[in-house]
Amino acid sequence: SQKIEQNSEALNIQEGKTATLTCNYTNYSPAYLQWYRQDPGRGPVFLLLIRENEKEKRKERLKVTFDTTLKQSLFHITASQPADSATYLCALDVLDRGSTLGRLYFGRGTQLTVWP
Amino acid sequence: DGGITQSPKYLFRKEGQNVTLSCEQNLNHDAMYWYRQDPGQGLRLIYYSQIVNDFQKGDIAEGYSVSREKKESFPLTVTSAQKNPTAFYLCASSMVAHNYGYTFGSGTRLTVV
């Protein structure tokens with residue numbers, strides 16, 4: 001069966017450290033992988049997108065890696081701050097057969113807490 | 001400012017009632033989506049639409065219906081056939097391309113009373 005697993009339901013780290021979140025998947029062939037941030041009671045907010053032929057993508061303090069052989073993506077937040085505390089969602093963008101439109105399949109998320 | 005507006009923020013439904021959740025976007029996005037989020041679960045796709053007057057079932061479409069009469073609007077009706085409708089409902093839109101992420105609304109929390 002198809003699965004998306006975000007290891008660690010909760011991750012607690014000290015301010016200034018690097019947070020590393022993991023997303024593993026099975027039985028999917030995503031063309032793209034996306035990461036979102038979600039705060040309590042709010043909709044997810046898009047952060048980064050990485051293509052299957054890209055190994056790494058950076059945006060400010062964020063870095064995403066994508067290994068299609070391992071079927072894994074790592075999401076890093078460097079110099080973490082308490083304001084980074086939120087739930088982070090991994091999403092696989094899978095093309096519908098015969099369509100130009102992909103669909104996003106989401107993991108359950110990892111709740112990150114950054115303490116001062 | 002462009003964005004997606006979902007209304008209402010909170011909605012209470014009695015047993016046997018149909019209710020409609022509103023979703024409007026002014027981003028000029030072609031594709032729109034409805035997701036359901038339950039505690040401890042990932043977002044699950046209910047329906048999606050790539051163009052006006054066309055939509056497809058997602059993974060959990062039973063008990064739901066949608067329409068797409070205008071590009072800007074994609075309302076979701078939760079019918080009485082949906083046996084467990086209490087959840088957080090999220091609407092999203094995107095360009096029909098893969099260089100962009102989805103833009104989500106702020107959600108509607110539906111509770112059956």
Side-chain angles (χ1 to χ4, degrees), chain A residues 1-6 9-10 23-25 28-54 57 59 62 64 66 75 86-111, chain B residues 2-10 21 23 25 27 29-51 54-61 68 87-111:
Chain A
S1 63
Q2 297 173 315
K3 285 185 182 179
I4 304 171
E5 293 183 343
Q6 292 192 241
E9 288 189 6
C23 176
N24 294 290
Y25 60 92
Y28 284 102
S29 296
Y32 299 79
L33 190 145
Q34 302 184 14
W35 284 88
Y36 289 78
R37 169 185 173 141
Q38 187 175 25
D39 292 286
R42 308 292 297 272
V45 174
F46 171 71
L47 296 175
L48 277 174
L49 174 154
I50 186 166
R51 296 174 179 78
E52 61 178 337
N53 59 356
E54 293 180 315
K57 197 80 165 283
K59 179 182 176 183
L62 308 179
V64 173
F66 191 15
F75 178 78
T87 296
Y88 291 86
L89 307 175
C90 162
L92 305 183
D93 188 341
V94 180
L95 280 173
D96 276 348
R97 187 173 301 176
S99 170
T100 58
L101 182 66
R103 293 173 44 175
L104 281 188
Y105 293 87
F106 284 84
R108 297 183 181 187
T110 296
Q111 186 173 344
Chain B
I4 294 187
T5 301
Q6 288 188 244
S7 62
K9 189 172 180 63
Y10 299 96
L21 283 59
C23 178
Q25 56 101 357
L27 298 165
H29 286 168
D30 288 304
M32 297 187 74
Y33 313 82
W34 274 105
Y35 283 88
R36 169 180 172 143
Q37 188 173 36
D38 295 281
Q41 295 199 37
L43 278 69
R44 292 182 291 167
L45 184 63
I46 304 173
Y47 269 99
Y48 60 109
S49 167
Q50 187 173 0
I51 57 173
D54 186 47
F55 47 82
Q56 287 77 42
K57 293 182 179 180
D59 301 313
I60 56 166
R68 187 88 186 274
F88 189 47
Y89 290 86
L90 288 159
C91 179
S93 71
S94 72
M95 303 286 282
V96 181
H98 294 280
N99 297 329
Y100 304 92
Y102 287 13
T103 301
F104 280 86
S106 55
T108 293
R109 188 166 299 280
L110 174 62
T111 305

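Keep in mind that this is a model prediction, so the values were computed, not measured.
- Among residues two or more places apart in sequence or in another chain, the side-chain hydrogen bond (donor to acceptor under 3.5 Å, both in side chains) test is passed with B/Asp59 by A/Arg103.
- Qualifying side-chain hydrogen bond (donor to acceptor under 3.5 Å, both in side chains) partners for B/Trp34, counting only residues two or more places apart in sequence or in other chains: none.
- Using a 4.5 Å cut-off between heavy atoms, B/Gln37 contacts chain A through its side chain alone, with no backbone atom that close.
- In this structure, no portion of A/Gln111 lies under 4.5 Å from any heavy atom of chain B.
- A donor-acceptor pair shorter than 3.5 Å cannot be found between the side chains of A/Tyr32 and A/Gln34.
- For B/Leu45, the part lying under 4.5 angstrom from a heavy atom of chain A is the side chain only.
- Both the backbone and the side chain of A/Leu104 come within contact range of chain B, judged by heavy atoms closer than 4.5 Å.
- In summary, the side chains of A/Tyr105 and A/Tyr28 do not present any donor paired with an acceptor at a separation below 3.5 Å, with no hydrogens or angles considered.
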